[in-house]
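Have a look at the structure below before the remarks.
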Amino acid sequence: PKFATSPIFITDEDYEFSIDREIISLVESDPFHSYESKTVVAHLTKLHDIATLLTSEEKTRHYYILKLFPFSLKDDAKAWFTSLAPGYVHSPQDMVYYFSEKYFPPHKKQAALQEIYNFAQLQEESLPQAWGRLVQLQNAFPDHPLRKNEILDVLYNGLTDASRDYLDSCAGCVCRERTVEQAETLLNNLLIN
């Protein structure tokens, strides 16, 4: 409408609810500032986790994320949000798309993918720590194009000789001869223990 000032304009009656001020304070305490502050995925995951505490119904959870979103921004990110045209956002999916396009553009996705491809275990890093770090790299780019077997190849090829030998001994053979599920279970058990 002509009098609207917010970029968010949802016509669904289910969107008409208020959020407790304490929840808003929680979101404001760890805002997204700009490219360098944290990843888009981590920020949206945090909002999703908070919304999950408030409701289990998917549509309402997405609406909670959208309601909390403006309060989760600061500095450059807040300026970007307020510069969007009034009524520009018509759904939670719109907001995620616009936010991702701005703060997780293709060159950042390529850099995140390259970081996965170039994975190498650090000298002081244990095998479980290395696997945990590779999982974190994947979580930073959840829609990466790599299949599970390719991720396991990246890990196996990036391990030190000692860690590769240890993994093979735990598997009872060359680890990559195991199925993807068996190898993933083994690595997750190593991470837990």
Looking at [atom1] of [X] and [atom2] of [Y], how far apart are the two atoms once the value is rounded to the nearest 0.5 Å?
{"X": "Ile50", "Y": "Arg61", "atom1": "CD1", "atom2": "CZ", "result": "13.5 Å"}
{"X": "Glu181", "Y": "Asn149", "atom1": "CD", "atom2": "CG", "result": "10.0 Å"}
{"X": "Leu146", "Y": "Ile151", "atom1": "CG", "atom2": "CD1", "result": "4.5 Å"}
{"X": "Leu187", "Y": "Leu155", "atom1": "CG", "atom2": "CG", "result": "5.5 Å"}
{"X": "Leu66", "Y": "Ile8", "atom1": "CG", "atom2": "CD1", "result": "4.0 Å"}
{"X": "Leu167", "Y": "Arg176", "atom1": "CG", "atom2": "CZ", "result": "9.5 Å"}

What's the shortest heavy-atom distance between [X] and [Y], and which atoms?
{"X": "Ala130", "Y": "Gln121", "value": "CB-CG, 3.8 Å"}
{"X": "Leu26", "Y": "Ser29", "value": "O-OG, 2.6 Å"}
{"X": "Cys175", "Y": "Ala171", "value": "CA-CB, 3.9 Å"}
{"X": "Ser100", "Y": "Val40", "value": "OG-CG1, 3.8 Å"}
{"X": "Lys148", "Y": "Val180", "value": "CB-CG1, 3.5 Å"}
{"X": "Asp14", "Y": "Asp12", "value": "N-OD1, 3.0 Å"}

As a quick check of understanding, evaluate side-chain contact (heavy atoms from CB on, under 4.5 Å) for Leu137 and Tyr117, giving each step before the final call.
CA-CA 10 Å; Leu137 291 174; Tyr117 278 128; over 6 Å; no
Check this for me: Phe119, atom CZ, are more than 12 non-hydrogen atoms of other residues, nucleotides or ligands nearer than 6.0 Å?
yes
Atom NZ of Lys78: over 12 foreign heavy atoms under 6.0 Å
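Count over threshold, so yes.
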Do Leu73 and Phe69 pass the side-chain contact (heavy atoms from CB on, under 4.5 Å) test, and can you show the C-alpha distance, the side-chain angles, and the key distance before you say yes or no?
CA-CA 7 Å; Leu73 305 175; Phe69 185 78; 3.6 Å; yes
I'd like to know if the side chain of Lys67 reaches the main chain of Tyr15, judged simply by a donor and an acceptor atom lying under 3.5 Å from each other, with no hydrogens or angles considered.
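Present.
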Flag side-chain contact, heavy atom, 4.5 Å: Pro145 against Leu113
yes
Would you say that Lys109 contacts Pro106 through its side chain, given a criterion of any heavy-atom pair below 4.5 Å between the two side chains?
no
Stepwise side-chain contact (heavy atoms from CB on, under 4.5 Å) check, Leu53 with Tyr64:
CA-CA 10 Å; Leu53 295 173; Tyr64 268 107; over 6 Å; no
I'd like to know if Glu184 pairs up with Arg178 as an ion pair, taking the criterion as any Lys NZ or Arg NE/NH1/NH2 lying under 4.0 Å from an Asp or Glu carboxylate oxygen.
no
Is any side-chain N of the basic residue among Arg164 and Asp161 closer than 4.0 Å to the acidic one's carboxylate O?
yes
Do Phe99 and Tyr97 belong together in a cluster built from hydrophobic side chains that touch within less than 4.5 Å?
yes
For the hydrophobic clusters of this structure (ILVMFWY residues joined by side-chain heavy atoms under 4.5 Å, transitively), does one cluster hold both Val174 and Leu152?
yes
Could you tell me whether Tyr63 and Phe17 have their ring centroids closer than 6.0 angstrom?
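No, the ring of Tyr63 stays outside the 6.0 Å limit from the ring of Phe17, centre to centre.
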Apply the test side-chain contact (heavy atoms from CB on, under 4.5 Å) to residues Leu47 and Val27: give CA-CA distance (whole Å), side-chain angles for both, the deciding distance (0.1 Å), then the verdict.
CA-CA 8 Å; Leu47 292 178; Val27 170; 4.0 Å; yes
Sort out for me which residue in Tyr88, Phe81, Tyr103 forms a ring-ring contact (aromatic ring centres under 6.0 Å, His included) with Tyr98.
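When Tyr88, Phe81, Tyr103 are each tested with Tyr98, the ring-ring contact (aromatic ring centres under 6.0 Å, His included) holds only for Tyr88.
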Please collect all side-chain hydrogen bond (donor to acceptor under 3.5 Å, both in side chains) contacts where either partner lies in residues 129-138, sequence neighbours excluded, each pair once.
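The answer is Glu125-Arg133, Ser126-Gln129, Trp131-Asn188.
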What residues, two or more places apart in sequence or in another chain, satisfy ring pair (Phe, Tyr, Trp, His ring centres under 6.0 Å) together with Phe141?
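Result, ring pair (Phe, Tyr, Trp, His ring centres under 6.0 Å) vs Phe141: Phe104.
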